[in-house]
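Chain letters run A, B, ... following the sequence lines, proteins first and then strands; every chain starts at 1.
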2 protein chains.
Amino acid sequence: MATQLPPLAAIRAFEAVARHGSFTRAAGELGMTQSAVSYQIKVLEERVGTPLFVRRPRRIALTEIGRRLAPAVSEAFEHIAAAWQEARHGAQGTLVINTLQTFATAWLARHVGSFQLAHPGIAVRIETEQKVIDFARNEADVAIRAGSGGWPGLVEHQLIGTDFSPMLSPRLAASVGGLREPVDLLKLPIVSPNDPWWPDWLVRAGLAADALAGRPRTSLGSQSVEASAAIAGQGVALLTTAFYRQEIEAGLLVQPFDIVGTEGQRYFLVYPEARRNAPKTRAFRDWILPLFDQKTA
Amino acid sequence: MATQLPPLAAIRAFEAVARHGSFTRAAGELGMTQSAVSYQIKVLEERVGTPLFVRRPRRIALTEIGRRLAPAVSEAFEHIAAAWQEARHGAQGTLVINTLQTFATAWLARHVGSFQLAHPGIAVRIETEQKVIDFARNEADVAIRAGSGGWPGLVEHQLIGTDFSPMLSPRLAASVGGLREPVDLLKLPIVSPNDPWWPDWLVRAGLAADALAGRPRTSLGSQSVEASAAIAGQGVALLTTAFYRQEIEAGLLVQPFDIVGTEGQRYFLVYPEARRNAPKTRAFRDWILPLFDQKTA
DNA sequence: CGGGATACATAAGGGAGTTTCATGCATCAT
DNA sequence: ATGATGCATGAAACTCCCTTATGTATCCCG
């Protein structure tokens, strides 16, 4: 539908002139000279084939044709301006976070509320993805990636490592008189004894890799559920330490040993360089970085 | 109301892309290259602060923001296009003729109907003016001017001179056995004996300037009324010869003598050079010139 | 599983359309 | 009259936009 449109720069000038009834004032609004406006109107009049303004001594008046054209154009521009403003506002007001499923459920879901409280003007949408995303083909503004960094064109901030360690509720720990040695863990129920991370950690702690063999093969499926179970005192869970800093600080969980296993990756906050200074990007960065700061380096 | 508008060239490209779902096809519609469209979309995305399209393998898709922006823009452009088309059409379809009162009543009013029959798509508006008009400050497309020609910036076509001569109906002429000498006129009633043109003509005809003195000072006010009276056989009228060619050819009037007076001016059809090729201008020119052609040179 | 075709991105370069500047002209107000 | 206001115009400069050429990724086909 190759609808024939007038030259848009000229029609824009026309609209302003019609509204102001003056080339000079229209030029003021448009940020150009009276001369340029005069030129554009002339172009438009040549294109339409008839004058759009009658030049009277110290003022101009719309011709019949101009009088019919002006309101339609003004209205159309108002709609465009409104939609544009809304788009700009929407762009500033909605933060799309792309994140790995694990990070979303294990950490982000529990904490994003505080970001929204801190920035009530920014709506948040969380997209979860299995693989590393490409900003060119996703709507995300920022993403949480796991890996080792070094993505071209992206700004990256290291958030946390993937160190994991057993955690449990202080009450459960106290129930066995405290945990001094890793071997003391074996006296307690284990939330997900068949978690593939356990052998790794057990070995690092000087225990047998199969020390948990034979226990019921229960699995709660995600860290956050395991964490909840641990907090409820149901057993020991092997959790990514960085994800539960706040719970440890709040006394809901304890990490009895410094011994950690690791997946050998790190989590990063990344976003396109082009958007590094967008307010919503800054807001998110400035909110999330302190939460992982320091002890995770 | 300096409403913030997006870059219009870019928004135009965006609209086409959104409609086609393809940079390449949009470029086709817009008559530019895919490359240019890509550039414009990039500009717009930078301006709005967020991507408007998601780049998927062999196709693109609107983002949330783009999806909300596109319909509003499309609709606005449709309105502009419609108004523009209407303006163009109106410009082509209405011919504004500015003319001197005398020409309008003495000739144009009686003949314009045939123009309208020949060009049913063109509406005609006749503006009458006392003075010579300036196209810059009137809405006229063409004008009939009296003068001696030589107006800058205007195309001019000589129509007729202002020669005038006595005219009467053939029956009235026959009633006195035909007119052989100018003096024979004095036997007949004169429609407007005190018309200022009479003394001029009488002298040229070798009669006394005041040969009509003492006749009742009736005046019908305009040539066309005088002509009607003459056609009705009520007397002799002094008429601009060129205005009544058709009536003479039709046998309604006779001009008994070749002796003519003149106002020393000519009538011209004029119009701005810029509009010389507008269809309606050509139509009017091609209609009116043959009507005065030849014997008026 | 190559090879071609399709679609968008990007860099460099040039050109047409706009804009500005300077000036002129007409009108209006004082 | 005289200055101020407002639009038109011509020349020159600039800016933006478009084109050309090329790259990259994906899809499709045999």
Side-chain angles (χ1 to χ4, degrees), chain A residues 5-14 16-47 51-63 66 131-138 151-153 272-274, chain B residues 5-14 16-18 20-47 51-63 66 131-138 151-154 272-274:
Chain A
L5 278 176
L8 292 177
I11 206 81
R12 171 139 172 61
F14 166 76
V17 171
R19 195 148 33 74
H20 283 110
S22 155
F23 285 27
T24 305
R25 283 198 297 281
E29 171 182 313
L30 298 171
M32 55 198 209
T33 59
Q34 168 268 319
S35 189
V37 172
S38 175
Y39 169 83
Q40 294 290 6
I41 298 301
K42 184 191 226 178
V43 166
L44 201 64
E45 289 179 334
E46 277 170 9
R47 214 53 107 67
L52 295 167
F53 296 98
V54 168
R55 277 70 168 178
R56 303 208 121 275
R58 281 166 65 92
R59 67 168 209 267
I60 54 173
L62 284 161
T63 62
K131 309 198 311 180
V132 164
I133 70 137
D134 180 346
F135 281 96
R137 48 193 75 172
N138 279 78
W151 295 284
E273 282 172 2
Chain B
L5 279 176
L8 291 176
I11 207 81
R12 171 138 172 61
F14 166 76
V17 172
H20 284 107
S22 155
F23 285 26
T24 305
R25 282 198 297 280
E29 171 182 314
L30 298 172
M32 54 198 212
T33 59
Q34 168 268 319
S35 189
V37 172
S38 176
Y39 168 82
Q40 293 292 4
I41 298 301
K42 184 190 223 175
V43 166
L44 200 65
E45 289 179 333
E46 277 170 9
R47 214 52 109 66
L52 295 167
F53 296 98
V54 169
R55 277 71 168 176
R56 301 207 123 276
R58 280 168 66 92
R59 68 166 206 267
I60 54 172
L62 284 161
T63 62
K131 309 198 309 179
V132 163
I133 71 137
D134 180 347
F135 280 96
R137 48 193 73 173
N138 278 77
W151 294 284
L154 299 182
E273 281 173 1

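- Counting heavy atoms from C-beta on, the side chains of B/Q40 and B/R12 never come closer than 4.5 Å.
- Side-chain contact between B/V17 and B/I60 is present, with heavy atoms from C-beta onward closer than 4.5 Å.
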Q. How does each nucleotide of nucleotides 10-23 of chain C score, in 5' to 3' order, for protein heavy atoms under 4.0 Å: base (B), sugar-phosphate only (S), or none (-)?
A. BB------BBBB--
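- One can place CZ of B/F53 at 14 Å from C1' of C/dA7, the figure rounded to the nearest angstrom.
- Across the protein-nucleic acid pair, A/F23 atom CZ and D/dT9 atom C1' stand 13 Å apart, rounded to whole Å.
- Under the 4.5 Å side-chain criterion, counting only non-hydrogen atoms from C-beta, A/V37 is not in contact with A/T24.
- For the pair B/V43 and B/P7, the tightest heavy-atom approach, listed with the atom from each and the gap, is CG1-CG, 4.5 Å.
- Atom pair B/R59:CZ and C/dA5:P shows a separation of 23 Å (rounding to whole Å applied).
- A distance-only check finds a donor-acceptor pair linking the side chain of A/R25 to the backbone of A/H20 [under 3.5 Å].
- Put simply, the residue from B/I41, B/T63, B/L44 that forms a side chain to side chain contact (heavy atoms under 4.5 Å, CB included) with B/F53 is B/I41.
- At the phosphate of C/dA9, OP1 or OP2 sits under 4.0 Å from a side-chain N or O atom of B/R55.
- As a whole-Å value, the separation of B/L8 CG from D/dC17 P is 10 Å.
- Between the side chain of A/Q34 and the backbone N or O of A/F23, no donor-acceptor pair lies under 3.5 Å.
- At distances below 3.5 Å, at least one donor-acceptor pair connects side-chain atoms of B/E45 with backbone N or O atoms of B/L52.
- One can place CZ of B/R56 at 16 Å from P of D/dA25, the figure rounded to the nearest angstrom.
- Comparing the helix axis at one end of the helix from C/dC1-D/dG30 to C/dT30-D/dA1 with that at the other, each defined from 5 consecutive pairs, gives an inter-axis angle of 30° (nearest 10°).
- One can place NE2 of B/H20 at 12 Å from P of C/dC8, the figure rounded to the nearest angstrom.
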